[in-house]
Amino acid sequence: MPNDLLRGVVIGAFLVALPSAVWVLTMQFTGTAPVMMGDEAEQWTATELRRLSRRGWRVINHVALREDDIDHVLVGPGGAYAVETKWSSSWSTSYGRDRVLEGIEQVRANARLLKLWHPLKQLAITPQPVLVMWGPGLSKLNSQDRVRVVNEVTVVVGSALRPWLRSLDNGVLSEQQISGAWSALEAHLEGRDRADSALHRVPTSVAEAVARLALAVGFAAFGIAALGQILNWTQSMPLTLSLACALTLPAGLLIPSPRWRWMAWGWGAGLGLPSAALLASELVAFIVQPVL
């Protein structure tokens, strides 16, 4: 390169482009990209559904009544809906058409399952199936094809979802049915969350592990400094060890608490380990002194 500026630009571009290329290739070869876009599409649908909260509607995501969950359940004055979201980069191909049919059958089964669920069955609520499609090329469809009914399933293109939601009628469900369905769904999800947390604990993230370590090290250093101040103040080893023991006891009581556990471990280690070392040195001196 003729000068340092261009040399820095080339080096910087290389350092950015190489990890980016590895990241893109990893997504492509592992099949992560479609999964990520599917998750993004579900967030788009959830955002549109949440807009109805101003009109008395309620939405809950990832309702699991069996192994596979229902992407979104919408309950409001205009009825109840089981909503499935699908994303594809090639809706016009045979794969895309098969994906539409697969989504239609999936959301029909979800709506049927939700209808037979005991709390909604008691409230006489019949959920309607809705399939929301996201992806390139769908915006070119004419207005009639953006919202259509296929095998009793309302198929809505993502760009037409907001106008379709605005057109939903009121007066289908009473306030008692809406609140009853919502309470039942909340109670069900709360129970499932507790069961999932007990069976499948979420692994500790790197950031959380670093934060815990920092708390433990910080409180350990504070405990060591406190022990030194106590020793300097009392000028008595037995009194210092007694006070250190008394100050360590609260840490033992706080260890079972997830919120205070790491601070308690650090405080206890900062006070306990140096105290144990001091006690050991005193015992050694007590044993060795008569011999000498």
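- By the 30° and 60° cut-offs, the orientation of the rings of W117 relative to H188 is perpendicular.
- Closest non-hydrogen pair, A82 versus P127, comes out as N-CB, 4.4 Å.
- When the options R108, E84, E105, R148 are evaluated for a side chain to side chain contact (heavy atoms under 4.5 Å, CB included) with V153, the one that passes is R108.
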Practice problem: Just do the side chain to side chain contact (heavy atoms under 4.5 Å, CB included) check on R58 and S53 with the steps written out, would you? | Solution: CA-CA 6 Å; R58 299 179 179 181; S53 60; over 6 Å; no
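- Within a 6.0 Å sphere centred on CD of Q43, heavy atoms belonging to other residues, nucleotides or ligands number more than 12.
- Residues W57 and L168 meet the side-chain proximity criterion, which asks for heavy atoms closer than 4.5 Å.
- Ring geometry, Y81 versus W164: the interplanar angle exceeds 60°, so the pair is classed perpendicular (tilted spans 30 to 60°).
- Judged by distance alone, with hydrogens and angles left aside, the side-chain atoms of D71 form a donor-acceptor pair with the main-chain N or O of T85 at under 3.5 Å.
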Quiz prompt | Working for side chain to side chain donor-acceptor pair (under 3.5 Å), residues W134 and T45 | solution = CA-CA 9 Å; W134 297 93; T45 301; 2.8 Å; yes
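- Membership of the apolar cluster around V217 extends to L213, as traced through chained side-chain contacts below 4.5 Å between ILVMFWY residues.
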Practice problem: Show your reasoning for whether side chain to side chain contact (heavy atoms under 4.5 Å, CB included) applies to M133 and W91. | Solution: CA-CA 9 Å; M133 300 165 53; W91 288 114; 3.8 Å; yes
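- Partners of A64 under the side-chain contact (heavy atoms from CB on, under 4.5 Å) rule, at least two apart in sequence or in another chain, are D69, R192.
- F219 and W260 fall within the same hydrophobic cluster, defined by Ile, Leu, Val, Met, Phe, Trp and Tyr side-chain heavy atoms under 4.5 Å apart, directly or through other members.
- Counting only distance, with no hydrogens or angles, the side chain of Q177 and the backbone of S174 share a donor-acceptor pair below 3.5 Å.
- The neighbour count for W262 CH2, taken as heavy atoms of other residues, nucleotides or ligands under 6.0 Å away, does not exceed 12.
- Annotation: side chain of H72 is not in contact with side chain of H62 (no heavy-atom distance under 4.5 Å).
- A donor-acceptor contact closer than 3.5 angstrom is absent between the side chains of W233 and T240.
- At distances below 3.5 Å, at least one donor-acceptor pair connects side-chain atoms of Q235 with backbone N or O atoms of N232.
- Judged by distance alone, the side chain of T93 and the main-chain N or O of G96 form a donor-acceptor pair under 3.5 Å.
- Between the S183 side chain and the G180 main chain, no donor and acceptor come within less than 3.5 Å of each other.
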